[in-house]
Undergrad: 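Sharing a structure here in structure tokens format.
Scope of the values below: all heavy atoms of this structure, side chains included, with no hydrogens, waters or symmetry mates. Letters go in sequence order (proteins before strands), and every chain restarts at 1.
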There are 2 protein chains.
Amino acid sequence: MTSSAAPITTYEDSCAAVGDGRAVREVLDRVGDKWTLLVVATLRNGRLRFSELQRHIPGISQRMLTLTVRQLERDGLVSRTVHAEVPPRVEYELTELGGTLLQLSIALGDWAIANQPRIEQARQVYDAAAAAKAG
Amino acid sequence: MTSSAAPITTYEDSCAAVGDGRAVREVLDRVGDKWTLLVVATLRNGRLRFSELQRHIPGISQRMLTLTVRQLERDGLVSRTVHAEVPPRVEYELTELGGTLLQLSIALGDWAIANQPRIEQARQVYDAAAAAKAG
DNA sequence: CGGCATCCCGACAGATACTG
DNA sequence: CAGTATCTGTCGGGATGCCG
């Protein structure tokens, strides 16, 4: 059963899931690193080759892109296609499973966009209070 | 506006959001660390005191719990209440904003639960292929 | 009880150089 | 073009000990 194919879980199931901790731990260890979700998001519109991927993700090094796509491939979230040409061409594309992760990435992006102002404001309030307390 | 209260964004908006990269980067830097989402998930049923929180999250050190709740408090995701008693009692509770993050945590947990088997299988396939290629 | 300060180490990320 | 190899620095995070 996939999360996209069915309603998945009841609220209680969800609580059980996060309550365990291991599930969240697992997925965080997997996609919580610095680049994974960005690579997934970058592949949202279809296949891209290595250099295109790197151009679309500012700041990522060749090494980290290699490691990230390698892990994504291993986990079955991204497919890797090597074309026997000169110069060589390698293309990456989200699998169906990777597409479900993309949904999460989008949800995360939405949340960030929607709530960043409030968080920023909360920080300023907190820091101001801390400064007042210290000073 | 929260991500749970309204559809928020069109698909295109979502793509723009993740496409930027900074939004995902921001939220990942914030909640992508080792413990944040676990703490949020643990507070799903209401307020807990420090020691209770620590008991419910296997493996977390006192130091990391302190740092995590401090940051959550600073970001306005968790409220911290100090009771003037002996022995001292400090309670933590999700704010309304923190509640919206809980929804994401649940979604992440759901995804993990639903897809862990497939990922595990993909890994075994990949590793087997790699081993065959090497050996 | 709750939390801060200090020390320390392993993991991971960046830069650079080399290869098929 | 698409990697791999190595070296190096940074930093998250654990252990320990002390304070309100």
Undergrad: Assuming nearest nucleotide by heavy-atom distance, tell me which of B:Arg70 and A:Trp35 is located more 5' along DNA chain C.
TA: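 With B:Arg70 and A:Trp35 compared, the 5'-side residue is B:Arg70.
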Undergrad: Output yes when a side-chain donor or acceptor of B:Asp33 lies under 3.5 Å from a complementary backbone atom of B:Trp35, and no otherwise.
TA: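 Confirmed, B:Asp33 side chain pairs with B:Trp35 backbone.
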Undergrad: Whole angstroms only, please: what is the CD-P distance between B:Gln71 and D:dG13?
TA: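 Atom-to-atom, B:Gln71 to D:dG13, this comes out as 11 Å.
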Undergrad: Where does the chain B footprint on DNA chain C start and end, counting 5' to 3' with a 4.0 Å heavy-atom cut-off?
TA: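 Reading along DNA chain C, I get C:dC1 to C:dT6.
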Undergrad: Report the distance from atom CD of A:Glu85 to atom P of D:dA2, rounded to the nearest whole Å.
TA: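 Those two atoms, CD and P, are 10 Å apart.
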Undergrad: Take the protein atom NE2 of A:His83 and the nucleotide atom P of D:dA2, then report the distance between them rounded to whole Å.
TA: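 My rounded result for the distance is 10 Å.
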Undergrad: Tell me which of B:Gln62 and B:Gly59 sits closer to the 5' end of DNA chain D, going by the nucleotide each one is nearest to.
TA: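 Nearest nucleotide further toward 5': that of B:Gly59.
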Undergrad: Within less than 4.0 Å of OP1 or OP2 of D:dA2, is there a side-chain N or O belonging to A:Ser51?
TA: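 The answer is yes; a side-chain N or O of A:Ser51 sits under 4.0 Å from OP1 or OP2.
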Undergrad: Are OP1 or OP2 of D:dG3 and a side-chain N or O of A:Tyr92 less than 4.0 angstrom apart?
TA: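 Yes, within the criterion.
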Undergrad: Show, in sequence, the C-alpha distance, side-chain angles and deciding distance for A:Glu73 and A:Arg70, and conclude whether the salt bridge (charged side-chain N to carboxylate O under 4.0 Å, His left out) test is met.
TA: CA-CA 5 Å; A:Glu73 185 195 2; A:Arg70 206 57 86 229; 3.8 Å; yes
Undergrad: Nearest-Å distance, CE (B:Met64) to P (D:dT16)?
TA: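 Computing the B:Met64:CE to D:dT16:P distance gives 17 Å.
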Undergrad: Going by the side chain to side chain contact (heavy atoms under 4.5 Å, CB included) test, name the single residue among B:Thr36, B:Leu108, B:Val31 that passes it with A:Leu28.
TA: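 Running side chain to side chain contact (heavy atoms under 4.5 Å, CB included) over B:Thr36, B:Leu108, B:Val31 with A:Leu28 returns exactly one hit, B:Leu108.
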Undergrad: Rounding to an integer number of Å, can you tell me how far A:Leu67 CG sits from D:dT6 P?
TA: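 To the nearest whole Å, that distance equals 14 Å.
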Undergrad: What is the distance from CG of B:Asp33 to P of D:dG12, rounded to the nearest Å?
TA: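 In whole Å, D:dG12 P lies 9 Å from B:Asp33 CG.
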Undergrad: Return the value, rounded to whole Å, for the distance between atom CZ of B:Arg89 and atom C1' of D:dG20.
TA: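 The answer, rounded to whole Å, is 18 Å.
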Undergrad: Strictly below 4.0 Å, N to O, side chains only: are B:Arg118 and B:Glu120 in salt-bridge contact?
TA: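 No, this pair does not count.
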Undergrad: Under 4.5 Å between side-chain heavy atoms, hopping through other hydrophobics if needed: is there a path connecting B:Val69 to A:Tyr126?
TA: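 No, B:Val69 does not connect to A:Tyr126 through the hydrophobic network.
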Undergrad: How do B:Arg63 and B:Arg49 order along DNA chain C: which one's closest nucleotide is nearer the 5' end?
TA: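 So the residue in question is B:Arg49.
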